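Have a look at the structure below, then the notes.
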Amino acid sequence: MPDSNSKPLILITGANQGLGYATTKLLAEAGKYHVLMACRSILKGEKAIADLKAEGVDVSALTPIEIDVASDVSIVAARDGVKSEFGHLDILINSAGVNGVVGEKKADLRDNYRFVFEANVFGLASMTQTFLPLLRASSYSDRRIVNVTRGLGQIGVALAEDNMYKAAGLPAPEYRSSKAAVNMITAVDARLLQPEGIHVVLVAPGQTATAFNAYNGPKSPAQGAANIVRAAVKGHAPDLIAKLHAEELTEFGW
């Protein structure tokens, strides 16, 4: 078995809970990757690793790092740490986010939009731009940036009179517009970075039962995470850009 430092290096944000945790588990179980688990504190990351170990997962190639995606200081510090220890990054998964609906609603309209966009849009954009030099420094043949969106951010879903999301009953304009912004950022970055051999992939895990949505969804975290794993490490990367990867939503546009 190769040591963990010889394996492709993947960084995933929001790794200690929900879809981030489930995605990390699937990647660890594959045994092929060294995963940097980005969490808001090292303690959260260490607890997640302990939980995975208790589930029987080999955690030898999991490393916790501290990143608050709402703080550029935190993101830059993490980048510098990864650069010092590894010198590169092979795959970035932008999974962290807030919903702005369940338990996080702010009283002031502007404050709520700021709260949601700081994490979901500005945080994602900052992660990509800050870690891009490390992706460029990688000699890995399948470099990717994976951005996690949601079906609720699609214009087609918003306009459809009836679909699985029952969109008319869940306005959530702050959250949904943040994911629409993620979709556009992904589309622009995909075209800009494709000539460099860095492929930017958009993925929607579907309605997944996690704390993020008060455990309301027909899919298990493992099922939702499987979509993210496919976007990150499977398939032919050039064929994955300019598409939304989520099997439930093929009838809708971006």
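The model shown is predicted, which means the values in this text are computed figures rather than measured ones.
- Exactly one of Leu27, Thr63, Ile49 qualifies for a side-chain contact (heavy atoms from CB on, under 4.5 Å) with Met37. That residue is Ile49.
- Side-chain contact between Val188 and Ile185 is absent, with no heavy atoms from C-beta onward closer than 4.5 Å.
- One finds the CG atom of Leu124 at 13.0 Å from the CD atom of Glu118 (value rounded to the nearest 0.5 Å).
- Atom-to-atom distance recorded for Asn94:CG and Leu202:CG is 11.0 Å, nearest 0.5 angstrom.
- The closest donor-acceptor contact from the side chain of Lys179 to the backbone of Val148 lies under 3.5 Å.
- In this structure, Phe122 and Asp72 have side chains that are not in contact, with every pair of non-hydrogen atoms separated by 4.5 Å or more.
- Under a hydrophobic clustering in which Ile, Leu, Val, Met, Phe, Trp and Tyr are joined whenever their side-chain heavy atoms come within less than 4.5 Å, directly or via other members, Leu11 and Ile42 fall into different clusters.
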request  = Applying salt bridge (charged side-chain N to carboxylate O under 4.0 Å, His left out), run through Arg40 and Asp68 and close with a yes or a no.
outcome  = CA-CA 5 Å; Arg40 293 186 70 182; Asp68 178 355; 3.6 Å; yes
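- Arg176 has its side chain out of reach of Pro173: every pair of non-hydrogen atoms, C-beta onward, lies at least 4.5 Å apart.
- Outside the 6.0 Å centre-distance limit, the rings of His88 and Tyr140 are not counted as a close aromatic pair.
- Taking CG from Leu193 and CG from Leu135, the interatomic distance works out to 8.5 Å, rounded to the nearest 0.5 Å.
- Looking at heavy atoms from C-beta onward, Val69 lies in side-chain contact with Met127 at the 4.5 angstrom threshold.
- Contact check for Arg191 versus Ile241: side-chain heavy atoms found under the 4.5 Å cut-off.
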ask   = Would Arg136 and Ile198 count as a side chain to side chain contact (heavy atoms under 4.5 Å, CB included) if you check the C-alpha gap in whole Å, the side-chain angles of each, and the deciding distance to 0.1 Å?
value = CA-CA 8 Å; Arg136 286 174 168 148; Ile198 299 173; 4.0 Å; yes
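- Glu174 has its side chain out of reach of Phe115: every pair of non-hydrogen atoms, C-beta onward, lies at least 4.5 Å apart.
- Side-chain contact annotation: Ser178 with Asn120, donor-acceptor N/O pair under 3.5 Å present.
- Remark: Ala231 pairs with Val146, Val201, Val203 by the side-chain contact (heavy atoms from CB on, under 4.5 Å) rule, at least two apart or across chains.
- Put simply, CZ on Phe131 and CZ on Arg79 are 7.5 Å apart, with the number rounded to the nearest 0.5 Å.
- Between the CD1 atom in Ile91 and the CD1 atom in Ile10 there is a gap of 4.0 Å [rounded to 0.5 Å].
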